[in-house]
Amino acid sequence: MSSRSLISQLLANGKFITGRRCEVSGYVKRVRDLKNHAFIHINDGSCPENIQVVVDKTAVECAKVSTGDSIRVSGTVVPSAKDAQEHEIQASRIQVSATCDDDFPLHTKNITADHARKFPHLQFRVPAVQSMMRLRSVAEMSVHNFYSSKHFTKIQTPVLTTNDCEGAGECFSVIAPNDSDKTDAEEQFFGSRVQLVVSGQLHLEAAAYGAGNVYCFGPAFRAENSRTARHLAEFTMVEAELSDCADLTDLASDCEGCIKYVIDHLLSSESKLLRQFWASSKIENPSLQSLKDLLSHDFVRMHYREAIKVLSEKFSMSRGDPLSREHELFLCDFVRKPIFILNFPSSQKPFYMRKNDDEESCASFDLLAPRVGEIAGGGLREERIEVLDERINQMENPQKLQWYLDLRRFGMGPHGGYGIGFERLLMMITGANNIKNTLPFPRFSRTCQL
């Protein structure tokens, strides 16, 4: 064994190393100090569980240890006398590395993630936060594994861009310190107006032109003045672009495959961690079975026109109307599972979505999930240069997208792509009721701590 063991390793392999010497470092979660013995529960961040350290004060010199202190323990792994844990450490030496002041604000048991978020620099000692960050880390790795297994190339798309991919105009402008008084963009740092990226899709299309199937995983930004439980100003997008793709159903199936891969990986390797997150977060009615059911059934496919018919039974709806979140959740409840809404009106989607033969709709989809609403969107890209040129020329600065037309001029065939909101996917899987609790340092309207 190395000089320092992780608590996760000791708890997982305790029966194989009983009687072995070990050394662990961590912070004190709880102390029970008796006359001749002290029982110290410590955690090192490697797993949600603490390990108990038993100190025989008649044989081991032990300074006063308080909750929150960082300590280093040398001792022997022994079977535990309590049922709660199979093994514990019989201490031979305890060293206090750092002490914790009594006014630490997160000492109280059952601290919620919502409360912990008020102390972003201290929150990582809260079990609910720790568990979510571990789940997030595992989910991210499973995304990369999914695309790697399908021979996609990961592309590092830029954070700074001159393109507004969504066309909504809700972008953060980037201005260098010395450019604040320069009204002419050509005189500014980059020589043009620059903003934080909303999506890496346009850059992925450029990569797919020659590199085949590609994907990116990274931050995106939207200056949307919303403080709801499902909106962020900085969020993470999983985006993929598939070359030689001309079928919307195939594209939706690839998106579904990625999501199911992540769920399956978490269920097979981290079901215990999911249960610990639910317990520490007080999630109502969590169920591993409900996640397993998602894997055993196809997500529903429904045409936009059919969705309007379903919604018109309850709401005042007509063709061409956009779907609100209330509508999205109603449709999810109607089918009782995630649902792809296909072929939206062209007027509701960006310029690059391929028009269908009816000239009214485009080859697009939104994926809606129960309780969350939209978690993904995608579609086929318009490869017909004359159609695309007409749409671009209707935009405010068509010259900025001449490079996009060049891809078609120089032989780019049919292709399509999609984007999955990673934080919303985590909400769907974990049952988290607030998107701000799915990432460590949330940024949203009027809030940017640290």
Original post:
side-chain contact (heavy atoms from CB on, under 4.5 Å) between I435 and R424: does it pass, once the steps are laid out?
Top reply: CA-CA 7 Å; I435 196 170; R424 290 190 181 183; 3.7 Å; yes
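- Nearest heavy atoms, E234 versus P219: OE2-CB, 4.2 Å.
- Proximity of L331 to V310: side-chain heavy atoms (C-beta onward) are separated by under 4.5 Å at one or more points.
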Subject >> Stepwise side-chain hydrogen bond (donor to acceptor under 3.5 Å, both in side chains) check, R21 with S5 >> reply: CA-CA 10 Å; R21 298 279 300 170; S5 301; over 6 Å; no
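- Atom OG of residue S243 and atom CG of residue L204 lie 12.0 Å apart, to the nearest 0.5 angstrom.
- Just one of I40, I89, D44, N43 meets the side-chain contact (heavy atoms from CB on, under 4.5 Å) condition when paired with I51; it is I89.
- Side-chain contact between I339 and C332 is present, with at least one heavy-atom pair separated by less than 4.5 Å.
- The environment of F39 atom CZ is dense: over 12 non-hydrogen atoms of other residues, nucleotides or ligands sit within 6.0 angstrom.
- Neither side chain, Q195 nor T161, offers a donor N or O lying under 3.5 Å from an acceptor on the other.
- Counted within 6.0 Å of CZ on R336, heavy atoms from surrounding residues, nucleotides or ligands total 12 or fewer; the atom is thus considered open.
- A donor and an acceptor atom, one from each side chain of Y352 and Q201, are located under 3.5 Å apart.
- R93 has no carboxylate O lying under 4.0 Å from a charged side-chain N of E61, or vice versa, which leaves the two without a salt bridge.
- Between the CG atom of D254 and the CG atom of L251 there is a distance of 7.0 Å, given to the nearest 0.5 Å.
- Residues I71 and Q95 form no side-chain contact, since every pair of their non-hydrogen atoms from C-beta on lies 4.5 Å or further apart.
- A distance of 13.5 Å separates CG of L160 from CZ of F172, quoted to the nearest 0.5 Å.
- The heavy-atom pair separating G419 from E239 by the smallest distance is CA-CG, 3.9 Å.
- The only member of H87, E88, R32 that meets side-chain hydrogen bond (donor to acceptor under 3.5 Å, both in side chains) when paired with Q52 is E88.
- Side-chain atoms of S361 and R319 include no donor-acceptor pair closer than 3.5 Å.
- Contact check on K272 versus E49 returns a salt bridge, with a Lys/Arg side-chain nitrogen under 4.0 Å from an Asp/Glu carboxylate oxygen.
- When side chains are defined from C-beta on, N343 counts as touching L248, because their heavy atoms get closer than 4.5 Å.
- In this structure, K436 satisfies the cation-pi test against F444, with its NZ or CZ atom closer than 6.0 Å to the six-membered ring centre and inside 45 degrees of the ring normal.
- In this structure, a donor-acceptor pair under 3.5 Å is present between the side chains of D56 and T58.
- With contacts defined as side-chain heavy-atom distances shorter than 4.5 Å, the pair M302/L342 does not qualify.
- The pair R4-E23 fails the salt-bridge criterion, with no side-chain N (NZ, NE, NH1 or NH2) lying under 4.0 Å from an Asp/Glu carboxylate O.
- Distance check: N433 CG to R371 CZ gives 7.5 Å after rounding to the nearest 0.5 Å.
- Side-chain contact between L323 and F344 is present, with heavy atoms from C-beta onward closer than 4.5 Å.
- Taking the six-membered ring wherever Trp is involved, the centroid distance between the rings of Y304 and F340 does not fall below 6.0 Å.
- Counting heavy atoms of neighbouring residues, nucleotides and ligands inside a 6.0 Å radius, atom NZ of K282 exceeds 12 of them.
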Subject >> CA sep, side-chain torsions, deciding dist, call: L266, S271, side-chain contact (heavy atoms from CB on, under 4.5 Å) >> reply: CA-CA 6 Å; L266 286 173; S271 59; over 6 Å; no
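- Residue-environment remark: NZ (K154) exceeds the threshold of 12 foreign heavy atoms within 6.0 Å.
- The structure places OG of S142 at 9.5 Å from CG of D264, a figure rounded to the nearest 0.5 Å.
- The number of heavy-atom neighbours closer than 6.0 Å to CG of D244, taken from other residues, nucleotides and ligands shown, is 12 or below.
- Side-chain contact of S199 with R222: a donor-acceptor pair under 3.5 Å is absent, judged by distance alone.
- Counting only heavy atoms from C-beta outward, the side chains of S70 and V96 never approach each other to under 4.5 Å.
- K29 has no carboxylate O lying under 4.0 Å from a charged side-chain N of D69, or vice versa, which leaves the two without a salt bridge.
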**OP:** Starting from the C-alpha separation in whole Å, work towards a yes-or-no answer on side-chain contact (heavy atoms from CB on, under 4.5 Å) for S346 and Q348.
**Re:** CA-CA 5 Å; S346 295; Q348 295 184 23; over 6 Å; no
Original post:
Between T447 and R227, is a side-chain contact (heavy atoms from CB on, under 4.5 Å) present by the stated rule, with each step listed?
Top reply: CA-CA 9 Å; T447 300; R227 293 172 62 86; 3.5 Å; yes
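- For E256 and K260, the salt-bridge test passes: some basic side-chain N is under 4.0 Å from an acidic carboxylate O.
- Each of K150, E241, H144 was compared with Y215 under the side-chain hydrogen bond (donor to acceptor under 3.5 Å, both in side chains) criterion, and only H144 meets it.
- C448 and R443 get closest at one heavy-atom pair: SG-CG, 3.6 Å.
- The closest donor-acceptor contact from the side chain of S287 to the backbone of Q289 lies under 3.5 Å.
- In this structure, a donor-acceptor pair under 3.5 Å is present between the side chains of R117 and N437.
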**OP:** Under the side-chain hydrogen bond (donor to acceptor under 3.5 Å, both in side chains) rule, what do R275 and S280 come out as? Steps first, then yes or no, please.
**Re:** CA-CA 9 Å; R275 287 192 293 265; S280 60; over 6 Å; no
**OP:** Dump the intermediate steps for side-chain hydrogen bond (donor to acceptor under 3.5 Å, both in side chains) on S25 and R72, then the final yes or no.
**Re:** CA-CA 4 Å; S25 296; R72 193 175 187 92; 2.9 Å; yes
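- For F235 and F221, the gap between ring centers reaches or exceeds 6.0 Å.
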Subject >> Trace of the ring-ring contact (aromatic ring centres under 6.0 Å, His included) decision for F124 with F441 >> reply: CA-CA 11 Å; F124 292 94; F441 302 106; 5.8 Å; yes
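- In this pair, H115 and F119 present their aromatic rings perpendicular. The plane angle is above 60°, beyond the 30 to 60° band.
- Cation-pi geometry between R125 and Y27 is met: the NZ or CZ atom falls under 6.0 Å from the ring centre, inside 45° of the normal.
- Side-chain atoms of R354 and S364 form no donor-acceptor pair, as typed in the model, at a separation below 3.5 Å.
- Atoms CG and OG, from L135 and S131 in turn, are 6.5 Å apart once rounded to the nearest 0.5 Å.
- Side-chain polar atoms of H327 and S324 form a donor-acceptor pair below 3.5 angstrom.
- When every heavy atom of L380 is checked against every heavy atom of C245, the shortest pair comes out as CD2-O, 3.8 Å.
- Proximity of Q276 to P48: side-chain heavy atoms (C-beta onward) are separated by under 4.5 Å at one or more points.
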